[in-house]
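Only one structure is covered here, and it is reproduced in the block below.
All chains are named by letter (A, B, ...) in the order of the sequence lines, taking the proteins before the strands, and each is independently numbered beginning at 1.
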2 protein chains.
Amino acid sequence: MQSLDNNALRKAMSARGLKVTPQRMAIYGALLSAGGHPSAEEVFGAVRRVLPNVSFDTVYRALLSFTELGIISVHEAGGKKRFDPNLAGHHHLHCMRCNRITDFHSPELDSVKLPPQAGKGFQVLSMRMTVEGICSACSAKNRGRNGR
Amino acid sequence: MQSLDNNALRKAMSARGLKVTPQRMAIYGALLSAGGHPSAEEVFGAVRRVLPNVSFDTVYRALLSFTELGIISVHEAGGKKRFDPNLAGHHHLHCMRCNRITDFHSPELDSVKLPPQAGKGFQVLSMRMTVEGICSACSAKNRGRNGR
DNA sequence: TTATTATATAGGAATTATTCTTATTTGTCA
DNA sequence: TGACAAATAAGAATAATTCCTATATAATAA
């Protein structure tokens with residue numbers, strides 16, 4: 001997995017006028033150690049073990065700020081945002097029933113270029129193929145049709 | 001845009017054991033006429049003009065059911081689900097500030113095949129490239145750093 | 001066509017994720 | 001160090017989604 005060390009993290013923040021706070025450092029670290037594609041709530045839990053007084057709002061805003069810096073990415077699934085510090089190109093399989101996200105890699109996708117007319121002046125922060133569907137475990141369960 | 005006529009819609013539902021109700025027919029119709037990538041709330045508003053007593057929950061569940069049928073697709077952005085009846089392959093540019101979604105087409109992307117190990121037993125309902133970033137209008141505004 | 005029954009619906013309440021507000025604190029830069 | 005814009009904590013407010021319950025209805029078989 002490709003991510004930033006503390007030094008690069010500081011640099012990324014100050015280069016864009018973001019203050020380097022202990023909270024932000026800890027939040028990035030917690031995101032790294034959380035693994036997978038944690039929600040803000042999960043990152044919050046992990047940061048709390050290091051900074052017991054950090055507020056949820058601070059964690060949430062920091063994650064959004066990191067996303068705007070382009071040093072992490074966000075993916076909304078299952079009604080909540082999930083954050084991902086992995087900068088290496090990868091793509092997502094999202095199960096619409098259990099909301100589990102599985103990464104996959106595809107050299108073919110990584111080499112794709114956007115059609116130039118697609119993003120006139122659009123500042124690209126991340127580009128990801130999302131495959132929506134039902135995972136094998138959930139298909140097996142075969143829940144009722146009307147949802148729930 | 002590629003979508004279903006009433007007959008194909010009925011067939012798609014009954015083939016999977018879903019009852020064909022006037023609500024569901026109207027909901028699909030409203031989604032088509034809404035255009036763009038409407039949220040459940042927007043579809044609800046449109047359906048209401050045809051069936052004034054339909055409930056939000058019914059609209060919401062119908063949209064989720066349609067998604068599971070694979071006859072529409074869903075895309076979560078800006079904290080809400082957005083529904084899309086367009087079955088023709090297309091991809092999304094999502095502005096993280098204003099949450100506007102713009103479609104783009106890419107023959108290159110459409111021809112991509114998933115690596116076989118990616119989705120062992122995964123039932124694919126839709127496959128879409130999502131480009132996250134900041135649109136030109138929002139870049140121009142250059143809002144504050146800490147969000148909001 | 002009618003009776004049966006599983007499924008769907010309306011209406012409203014409850015839940016959950018996200019965003020906002022305010023008072024206070026803290027990096028950063030001169 | 002001092003000034004100040006930016007960030008934080010705490011909790012309230014908002015908005016999207018899901019759930020609950022009683023009733024209605026589409027599909028099926030007789």
Side-chain angles (χ1 to χ4, degrees), chain A residues 9-11 13-28 37-45 47-48 50-69 74-83 96-97 99 143-148, chain B residues 9-11 13-28 37-45 47-48 50-69 74-83 96-99 142-148:
Chain A
L9 175 58
R10 283 175 214 278
K11 250 186 220 163
M13 292 194 268
S14 49
R16 293 274 226 99
L18 290 192
K19 289 181 180 174
V20 177
T21 66
Q23 287 91 338
R24 284 176 172 157
M25 296 302 290
I27 289 163
Y28 185 82
H37 304 83
S39 63
E41 193 64 40
E42 289 166 329
V43 177
F44 177 59
V47 182
R48 276 271 178 175
V50 181
L51 296 176
N53 288 318
V54 79
S55 73
F56 178 79
D57 193 58
T58 294
V59 171
Y60 202 88
R61 277 181 300 99
L63 291 169
L64 295 182
S65 297
F66 293 164
T67 305
E68 287 220 2
L69 289 187
V74 66
H75 176 77
E76 297 186 38
K80 63 180 82 165
K81 291 185 169 65
R82 289 151 193 283
F83 299 91
M96 296 171 54
R97 290 230 180 109
N99 290 307
R143 244 201 315 153
R145 323 274 159 14
N146 197 17
R148 308 284 152 72
Chain B
L9 176 57
R10 284 175 212 278
K11 250 186 219 163
M13 292 195 268
S14 50
R16 292 276 226 100
L18 288 192
K19 288 181 179 174
V20 176
T21 65
Q23 287 90 339
R24 284 176 173 156
M25 296 303 290
I27 290 163
Y28 185 81
H37 303 84
S39 63
E41 194 64 41
E42 290 165 330
V43 176
F44 176 60
V47 182
R48 276 270 178 177
V50 181
L51 296 176
N53 288 317
V54 78
S55 74
F56 178 79
D57 192 59
T58 293
V59 172
Y60 202 88
R61 277 180 302 98
L63 292 169
L64 295 183
S65 297
F66 293 164
T67 305
E68 287 220 1
L69 290 187
V74 65
H75 176 76
E76 297 186 37
K80 64 179 84 166
K81 292 184 169 67
R82 288 150 193 285
F83 299 90
M96 295 170 55
R97 291 230 179 108
C98 65
N99 290 309
N142 194 25
R143 249 202 311 155
R145 321 278 165 6
N146 197 18
R148 307 286 150 69

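- Whole-Å rounding puts the Met25(B) CE to dA8(C) P distance at 15 Å.
- Minimum atom distance to the side chain of Pro22(B) is reached by dA26(D), of the listed dA26(D), dT8(D), dT19(C).
- The minimum heavy-atom distance between Ile27(B) and Val59(B), with the atom names listed, is CD1-CA, 3.6 Å.
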Identify the pairs formed between an N or O of the protein and an N or O of nucleotides 11-13 of chain D at a distance under 3.5 Å, and give each distance.
none

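- Rounded to whole Å, the distance from CG on Leu51(A) to C1' on dT25(C) is 15 Å.
- The CE-P distance, from Met13(A) to dT26(C), rounds to 17 Å in whole Å.
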Considering only nitrogen or oxygen atoms on both sides, find all protein atoms under 3.5 Å from nucleotides 27-30 of chain D and state each distance.
| residue | atom | partner | partner atom | Å |
| --- | --- | --- | --- | --- |
| dA27(D) | OP1 | Val20(B) | N | 3.0 |

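- Using a distance-only test at 3.5 Å, with no hydrogens or angles considered, no donor-acceptor pair links the side chain of Arg10(A) to the main chain of Val20(A).
- Summarising the geometry of Arg48(B) relative to Val54(B), their closest heavy-atom pair is NH2-O, 3.0 Å, with the distance given to 0.1 Å.
- Look at Gln23(B) and you'll find a side-chain N or O under 4.0 angstrom from OP1 or OP2 of dA10(C).
- Rounded to whole angstrom, the span from the CZ atom of Arg97(B) across to the C1' atom of dT18(C) amounts to 18 Å.
- Considering only residues two or more places apart in sequence or on other chains, Glu76(B) meets the salt bridge (Lys or Arg N to Asp or Glu O under 4.0 Å) condition with Lys81(B).
- Proximity of a side-chain donor or acceptor of Glu68(A) to a complementary backbone N or O of Ser65(A) within less than 3.5 Å is not detected.
- Put simply, CG on Leu18(A) and CG on Leu69(A) are 5.0 Å apart, with the number rounded to the nearest 0.5 Å.
- Rounded to an integer number of Å, the gap from Leu63(B) CG to dT18(D) P is 12 Å.
- Ala26(A) and Leu51(A) make their closest contact through CB-CD1, 3.7 Å (heavy atoms, listed as atom of the first residue, atom of the second, distance).
- Contacts of Phe56(B) classified as ring-ring contact (aromatic ring centres under 6.0 Å, His included), with partners at least two apart in sequence or in another chain: Phe44(B), Tyr60(B).
- Where the helix from dT1(C)-dA30(D) to dA30(C)-dT1(D) starts and where it ends, the local axes point in directions that differ by 50°; five pairs per end, rounded to 10°.
- If you measure from atom CZ of Arg16(B) to atom P of dT7(C), you get 15 Å, rounded to the nearest angstrom.
- Leu63(A) CG to Phe83(A) CZ: the interatomic distance, rounded to the nearest 0.5 Å, is 4.5 Å.
- Here the closest heavy-atom approach between residue Arg24(B) and residue Lys19(B) is recorded as NH1-O, 2.8 Å.
- Straight-line distance from the CE atom of Met96(B) to the C1' atom of dT19(C): 15 Å, rounded to whole Å.
- Phosphate proximity of dT8(D) to Arg61(A): present, with a side-chain N or O under 4.0 Å from OP1 or OP2.
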Between the protein and nucleotides 14-16 of chain D, list the N/O to N/O atom pairs that are separated by less than 3.5 angstrom.
| residue | atom | partner | partner atom | Å |
| --- | --- | --- | --- | --- |
| dA16(D) | OP1 | Lys80(B) | NZ | 2.8 |
| dA16(D) | O3' | Gly79(B) | O | 3.4 |

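- Contact of the Met25(B) side chain with the Met13(B) side chain is registered, since non-hydrogen atoms from C-beta on lie closer than 4.5 Å.
- When all heavy atoms of Ala77(B) and Asn99(B) are compared, the pair lying nearest together is C-OD1, 4.2 Å.
- Distance CG (Leu64(A)) to C1' (dA7(D)): 14 Å, rounded to an integer number of Å.
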